[in-house]
2 protein chains.
Amino acid sequence: MDKKTELMKHAVRLFSLKGFHQTSVQEIADATGISKGAFYKHFDSKEILFVHVLKLHHQEIMTEISNSQASFADDSKDIFKKKLAIEIERTLSNHEFFMMVFKDFTLTESETLKDVFMELRQSTITLHKTILLDTYGASIDPFLPDLVAILEGLMQQYIFVLVFEKKQVSISKLVNFITTTIDAVVNNLDCMEPVLTDAYSPASTIAEGFQQLTKKIKASETHQEKLLATLELLKEQVEQENPQEFLIEALLVYLKQFAFIKNEVIYLENFL
Amino acid sequence: MDKKTELMKHAVRLFSLKGFHQTSVQEIADATGISKGAFYKHFDSKEILFVHVLKLHHQEIMTEISNSQASFADDSKDIFKKKLAIEIERTLSNHEFFMMVFKDFTLTESETLKDVFMELRQSTITLHKTILLDTYGASIDPFLPDLVAILEGLMQQYIFVLVFEKKQVSISKLVNFITTTIDAVVNNLDCMEPVLTDAYSPASTIAEGFQQLTKKIKASETHQEKLLATLELLKEQVEQENPQEFLIEALLVYLKQFAFIKNEVIYLENFL
DNA sequence: GTCTATAGGGAGATAGAC
DNA sequence: GTCTATCTCCCTATAGAC
């Protein structure tokens, strides 16, 4: 194999593993078994190497999609699906590379930052689950993870496009569009099969809700004991055979007073 | 204002501007008007400062959504829309900060890398426009940019979720889900108003198609002159009052033989 | 709390011999 | 083409005086 290709192969691996900035030319050279000085005989800079890698990846996907052959039985929608499948498969099989952006950003060394990201992400997902349930009712339950994915995918993509293309659109127009899109999907759920079935069951959902609340309360600085005791009592009641409804309600109202856990409480409430 | 808050404010601005890794503690200290040494009396490390900033941002959005008041006339869908609007507005108003991930990744100094990203992105969008048109027909035209956004948003989000939650799902199931989702949206377009109306017109689309092709051909190394001449002839024919259809067709077939511009040619073909 | 000075460690890129 | 040695620069974080 060509030394240039070999360098690129090792670069992809290292970039994927540690991110672009966190990978030094020295490491790439070491992995390939040449010196740093020799590296610069092949590529003028680390950045140019990266550009080559990027273009190669892109070209490979494009070529494969162009060359995908339709069989005679395929209608236009089958072809559509085939092309999507190629793009998704290819991206997934190089997913480390495409996730490099985040690797580069989150210093993988520190676990702290990763934990923070996870925590914030979980909190956002809970929020979205809650507002979807409140709006479309409990019948969407089996599709909840998928609908969250759709909602978040749409929001992120539109924000991205608006920022990058520097477009000005009215937020209300955008919100209406997204809502109508989700309406259309929800109305069509009968014909669909969920993709993100995370071993979904009411029991596990309730447990998850309690767990999140406990975590959040423990992470806070105020009223820890009081809130944990409340939560414990609530758990007892919920698990009892003859729960006292008024007590559960009262405890929920009480918990909701604390703004920093309000979303989590509302989420839990949906399943009780 | 508290020095700690002041440091955070300047940090946000600088991180947004240059990315996390590209911003040094020295710069943050300078902006705040203190020395680097003093910085470390307030935050143990640059990373901890960043964690504080992240959490603050998140908390602000969450609090605002929790506190959003519904008026009496609001039904559940109005509330849904209000909450989405808050989230989108807030994210957009801090968009520099949320785009930091990319700032951090793409070295803003070098224009080369930015250009490459743009070029690849454009090429991907063209591909998606093409396959959407091929599948759903020319009637979706006014919604094309929106449908591309939906398609790309869905694909990216699912790839992200699958990778991050380390889930295994069959690609064909996912592809079916995405396709059915888009079906539902397309069937519902009558009730919708496009958001991304990029001064859309057939004429400008054709011009855009030609421009992309020219660019791509000029960027390549082989058959430049031949292909440019073909393109020029095609342009002439298209702009003529009585175009010779067989010639246009022949030229398109000829151009499509060159794999590296095949997608762009097919895209252009849709509008001729 | 704030400063200056400095430790201590990479990084990207080049020079020049072989 | 490949090596070693080196230049130059910038970084995070700390030490110690005030």
Side-chain angles (χ1 to χ4, degrees), chain A residues 1-54 100-101 103-114 116, chain B residues 1-54 100-101 103-117:
Chain A
M1 185 166 34
D2 188 346
K3 265 277 144 65
K4 212 163 160 168
T5 331
E6 214 178 320
L7 278 168
M8 280 170 74
K9 245 187 75 170
H10 284 112
V12 170
R13 192 173 49 78
L14 289 167
F15 288 162
S16 305
L17 211 62
K18 319 178 33 175
F20 177 75
H21 286 109
Q22 276 64 46
T23 305
S24 65
V25 173
Q26 183 71 68
E27 287 170 296
I28 300 170
D30 285 353
T32 319
I34 64 170
S35 72
K36 192 163 67 158
F39 171 93
Y40 284 94
K41 294 287 172 194
H42 295 281
F43 296 98
D44 285 343
S45 69
K46 188 170 90 162
E47 195 180 307
I48 293 205
L49 158 69
F50 178 60
V51 169
H52 277 247
V53 169
L54 259 191
M100 200 178 81
V101 189
K103 289 257 176 54
D104 207 53
F105 181 65
T106 66
L107 323 93
T108 33
E109 314 101 47
S110 90
E111 288 299 309
T112 327
L113 200 51
K114 211 188 270 173
V116 171
Chain B
M1 187 166 34
D2 188 347
K3 265 274 145 65
K4 212 162 160 171
T5 331
E6 214 177 320
L7 278 167
M8 280 169 74
K9 247 187 72 173
H10 285 111
V12 170
R13 192 173 49 78
L14 289 167
F15 288 161
S16 304
L17 210 64
K18 319 177 38 175
F20 178 74
H21 286 109
Q22 276 63 47
T23 305
S24 66
V25 172
Q26 183 71 69
E27 287 170 297
I28 300 170
D30 285 352
T32 318
I34 63 170
S35 71
K36 193 165 62 161
F39 171 92
Y40 284 93
K41 294 288 174 194
H42 295 281
F43 296 99
D44 285 346
S45 69
K46 189 169 87 162
E47 195 180 307
I48 292 205
L49 158 69
F50 177 60
V51 168
H52 277 246
V53 169
L54 259 191
M100 200 178 80
V101 189
K103 290 257 175 55
D104 208 55
F105 181 65
T106 64
L107 323 93
T108 33
E109 314 101 48
S110 88
E111 288 299 309
T112 327
L113 200 50
K114 212 186 273 175
D115 287 352
V116 172
F117 273 116

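Reckoned from all heavy atoms, side chains included, excluding hydrogens, waters and symmetry mates. So you know, we letter chains A, B, ... as the sequences are listed, proteins then strands, and number each from 1.
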Take the protein atom [atom1] of [X] and the nucleotide atom [atom2] of [N], then report the distance between them rounded to whole Å.
X: B/Phe43; N: C/dG1; atom1: CZ; atom2: C1'; answer: 15 Å
X: B/Lys4; N: C/dT2; atom1: NZ; atom2: C1'; answer: 17 Å
X: B/His21; N: C/dG12; atom1: NE2; atom2: P; answer: 13 Å
X: B/Gln26; N: D/dT14; atom1: CD; atom2: C1'; answer: 14 Å
X: B/Asp30; N: D/dT12; atom1: CG; atom2: P; answer: 12 Å
X: A/Tyr40; N: D/dT4; atom1: OH; atom2: P; answer: 16 Å
X: A/Phe39; N: C/dG12; atom1: CZ; atom2: P; answer: 9 Å
X: B/Glu47; N: D/dC11; atom1: CD; atom2: P; answer: 18 Å

Problem - Rounded distance [0.5 Å steps], CD1 in B/Ile28 versus CZ in B/Arg13 - result: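 Spacing of CD1 (B/Ile28) from CZ (B/Arg13) equals 10.0 Å.
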Exercise for the section: Nearest 0.5 Å please: distance from the CZ atom of A/Phe39 over to the OG1 atom of A/Thr32. Expected result: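 That separation rounds to 8.5 Å.
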Practice task
Considering non-hydrogen atoms only, spot the tightest contact between B/Gly19 and B/Thr23 and give its length.
Solution key: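 Here B/Gly19 and B/Thr23 meet closest at O-OG1, 2.7 Å.
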Listing time: all N or O pairs from protein to nucleotides 8-10 of chain D that are below 3.5 Å?
none

Exercise for the section: Tell me which nucleotide among D/dA13, C/dT14, C/dT2 gets nearest to the side chain of B/Ser45. Expected result: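 Comparing D/dA13, C/dT14, C/dT2 against the side chain of B/Ser45, the answer is D/dA13.
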Practice task
May I ask you to decide if the ring planes of B/His52 and B/Phe43 are parallel, tilted or perpendicular, using 30° and 60° as cut-offs?
Solution key: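 B/His52 and B/Phe43: perpendicular rings.
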Practice task
Please determine if a side-chain N or O atom of B/Lys46 lies less than 4.0 Å away from the OP1 or OP2 oxygen of D/dA13.
Solution key: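 Checking D/dA13 against B/Lys46, no side-chain N or O comes under 4.0 Å of OP1 or OP2.
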Handout entry: B/His42 vs C/dT2: side-chain N/O to OP1/OP2 distance below 4.0 Å
Key =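 So the side chain of B/His42 is within the cut-off, an N or O lying under 4.0 Å from OP1 or OP2 of C/dT2.
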Exercise for the section: Not counting sequence neighbours, list each pair that qualifies as a salt bridge (charged side-chain N to carboxylate O under 4.0 Å, His left out) and has a residue in residues 25-35 of chain A. Expected result: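 Found A/Lys18-A/Glu27.
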Exercise for the section: May I ask you to list the residues of residues 6-15 of chain B, by number, that have any heavy atom positioned under 4.0 Å from an atom of DNA chain C? Expected result: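 Result for residues 6-15 of chain B: none.
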Using the side-chain contact (heavy atoms from CB on, under 4.5 Å) criterion, which residues pair with [X]? Sequence neighbours excluded.
X: B/Tyr40; answer: B/Val25, B/Lys36
X: A/Val51; answer: A/Lys55, B/Leu113, B/Val116
X: B/His42; answer: B/Lys3, B/Leu7, B/Ile34
X: A/Asp2; answer: A/Lys4, A/Thr5

Practice task
Would you verify whether the NZ or CZ of A/Lys46 falls within 45 degrees of the ring axis of A/Phe15 while also being under 6.0 Å from that six-membered ring's centre?
Solution key: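 That pair does not qualify as a cation-pi contact.
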Polar atom pairs (N or O), protein with nucleotides 3-9 of chain C, under 3.5 Å:
residue, atom, partner, partner atom, Å
C/dC3, OP2, B/Ser35, N, 2.5
C/dC3, OP2, B/Ser35, OG, 2.9

Practice task
Just call it for B/Thr23: base, sugar-phosphate, or nothing, with non-hydrogen atoms closer than 4.0 Å on any strand.
Solution key: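 The answer is sugar-phosphate, as B/Thr23 gets under 4.0 Å only of primed atoms, P, OP1 or OP2.
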